[in-house]
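Quick notes on the structure that follows.
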Amino acid sequence: MILFFWSCSALKTNDTQSITIYMIGDSTMANKKNPNSNPEHGWGQVLPNFFTENVIIKNHAVNGRSSKSFRDLKHWKAVLDSLQKGDYVFIQFGHNDSKDTDPKRYTNPQTSYRYNLMRYVEETRAKGAIPVLFSSIARRKFNAEGVLLDSHGNYTLITRLVAQEMDVPFIDLQYTTEQLEETYGVEASKKLHLHFKKGENEYFPDGIEDNTHLSKLGANEVATLAVKELSKKVPALKDYSKLNE
């Protein structure tokens, strides 16, 4: 009689499957050139640090793009052609959709912006992938009294409504980043962005005061907020988060 012995390890399988996350959006999300010397970082650029090695992140966000120009300039086609069943698509527009002096980027929030988001969702689902909608991050825009002001108008509201209408997970980064800016305060919140005097930083030798784009600190803070919210709104991603370790 021949006996077969199977080790327990041979019977085990890896319960955590690999997943791919595609990111589409604007400069606040995008990867930046020269990351070792450039103080500017997109929050999508640092996002891989917050997930396990089972997560592949393909950041297709591009500086200056709106929900309109991202499609018109064929960035979306590259993503759509690559999507596989079970992939995730993180969608965040709004900053550049409000450029009402630029017909190549501007969208009316109640009409074309809304339908652009709906098309991204529909086309993502048609490939068997999973869309997640994000509101734009807050700008550092304090008034003289130290009150943080809104700078996105109806774009965040429309994103929320599309998410509700189409049953899409919605991550309200405007709300969480407003809280972040207020927690840091009027002066300290400059560290979340790009504030350098002339000669203070080699990458911006003439100095810079940018209250929209993120420093490495700011990018990491925003990514932390995003991952925490994703664990709540997209439970399937919770096991992939390093914040839960």
Side-chain angles (χ1 to χ4, degrees), residues 21-32 35 38-50 57 59-67 69-70 89-99 105 107 109 113 116-117 120 131-143 147-160 162-163 168-186 188-195 208-234 243:
I21 297 172
Y22 288 85
M23 307 185 74
I24 66 171
D26 56 41
S27 56
T28 61
M29 178 190 272
N31 295 338
K32 307 301 176 182
N38 186 354
E40 181 182 349
H41 287 67
W43 71 265
Q45 181 176 355
V46 302
L47 192 62
N49 299 328
F50 292 82
I57 295 180
N59 190 359
H60 286 256
V62 181
N63 288 13
R65 298 301 181 261
S66 70
S67 66
S69 64
F70 194 87
V89 180
F90 290 179
I91 304 164
Q92 183 187 53
F93 292 105
H95 270 296
N96 297 303
D97 286 82
S98 63
K99 307 287 187 181
R105 293 189 289 178
T107 62
Y113 177 69
N116 287 345
L117 293 185
Y120 285 124
V132 182
L133 286 168
F134 292 74
S135 59
S136 297
I137 65 171
R139 286 187 172 95
R140 180 186 169 276
K141 186 179 178 183
F142 290 95
N143 66 14
V147 175
L148 186 68
L149 303 178
D150 172 51
S151 58
H152 297 310
N154 285 328
Y155 291 95
T156 293
L157 173 62
I158 295 301
T159 307
R160 181 191 297 277
V162 169
V168 178
F170 173 62
I171 309 300
D172 194 351
L173 279 188
Q174 179 174 349
Y175 173 64
T176 55
T177 55
E178 281 180 356
Q179 292 182 310
L180 178 68
E181 299 280 354
E182 291 170 344
T183 297
Y184 269 79
V186 175
S189 59
K190 293 177 180 179
K191 296 186 294 184
L192 300 171
H193 300 279
L194 305 172
H195 278 254
I208 187 172
E209 290 187 9
D210 184 337
N211 294 306
T212 297
H213 300 100
L214 299 166
S215 65
K216 189 173 184 179
L217 169 65
N220 278 290
E221 290 276 34
V222 174
T224 299
L225 294 172
V227 173
K228 287 181 177 179
E229 289 300 304
L230 283 164
S231 293
K232 300 174 187 175
K233 302 293 180 62
V234 191
L243 297 180

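Residues: numbered from 1 along the sequence shown.
Under the 3.5 Å distance criterion, with hydrogens and angles disregarded, a donor-acceptor pair is assigned to the side chains of Ser27 and His213. When only modelled atom types and interatomic distance are considered, Asp97 and Thr107 share a side-chain donor-acceptor pair under 3.5 Å. With 3.5 Å as the limit, one finds a donor-acceptor pair spanning the side chains of Tyr113 and Thr159.
Ring geometry for Tyr120 against Phe93 counts as parallel: the plane angle stays under 30°, on a 0 to 90° scale with 60° as the upper cut.
Each of Gln174, Gln92, Glu229 was evaluated against Phe134; a single residue qualifies, Gln92, per the side-chain contact (heavy atoms from CB on, under 4.5 Å) test. Considering Lys216, Gln45, Lys32 as possible partners of Glu40, the one that fulfils the side chain to side chain donor-acceptor pair (under 3.5 Å) test is Lys32. For the side-chain contact (heavy atoms from CB on, under 4.5 Å) with Phe90, the lone residue among Leu230, Ile24, Ile57, Ile171 that qualifies is Leu230.
Within the 3.5 Å criterion, the main-chain N or O of Arg65 finds a donor-acceptor partner in the side chain of Asn96. Of the possible donor and acceptor atoms, one in the side chain of Lys233 sits under 3.5 Å from a partner among the backbone N and O of Phe170. Within the 3.5 Å criterion, the main-chain N or O of Leu192 finds a donor-acceptor partner in the side chain of Ser215.
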Evaluate side-chain contact (heavy atoms from CB on, under 4.5 Å) for Leu173 paired with Trp43, printing each intermediate quantity in order.
CA-CA 11 Å; Leu173 279 188; Trp43 71 265; 3.8 Å; yes

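Taking OG1 from Thr177 and CZ from Arg140, the interatomic distance works out to 14.0 Å, rounded to the nearest 0.5 Å. Of the inter-residue distances, the one linking Ile137 atom CD1 with His152 atom NE2 reads 7.0 Å to the nearest 0.5 angstrom. Atom OH of Tyr184 and atom CG of Leu148 lie 14.5 Å apart (nearest 0.5 Å).
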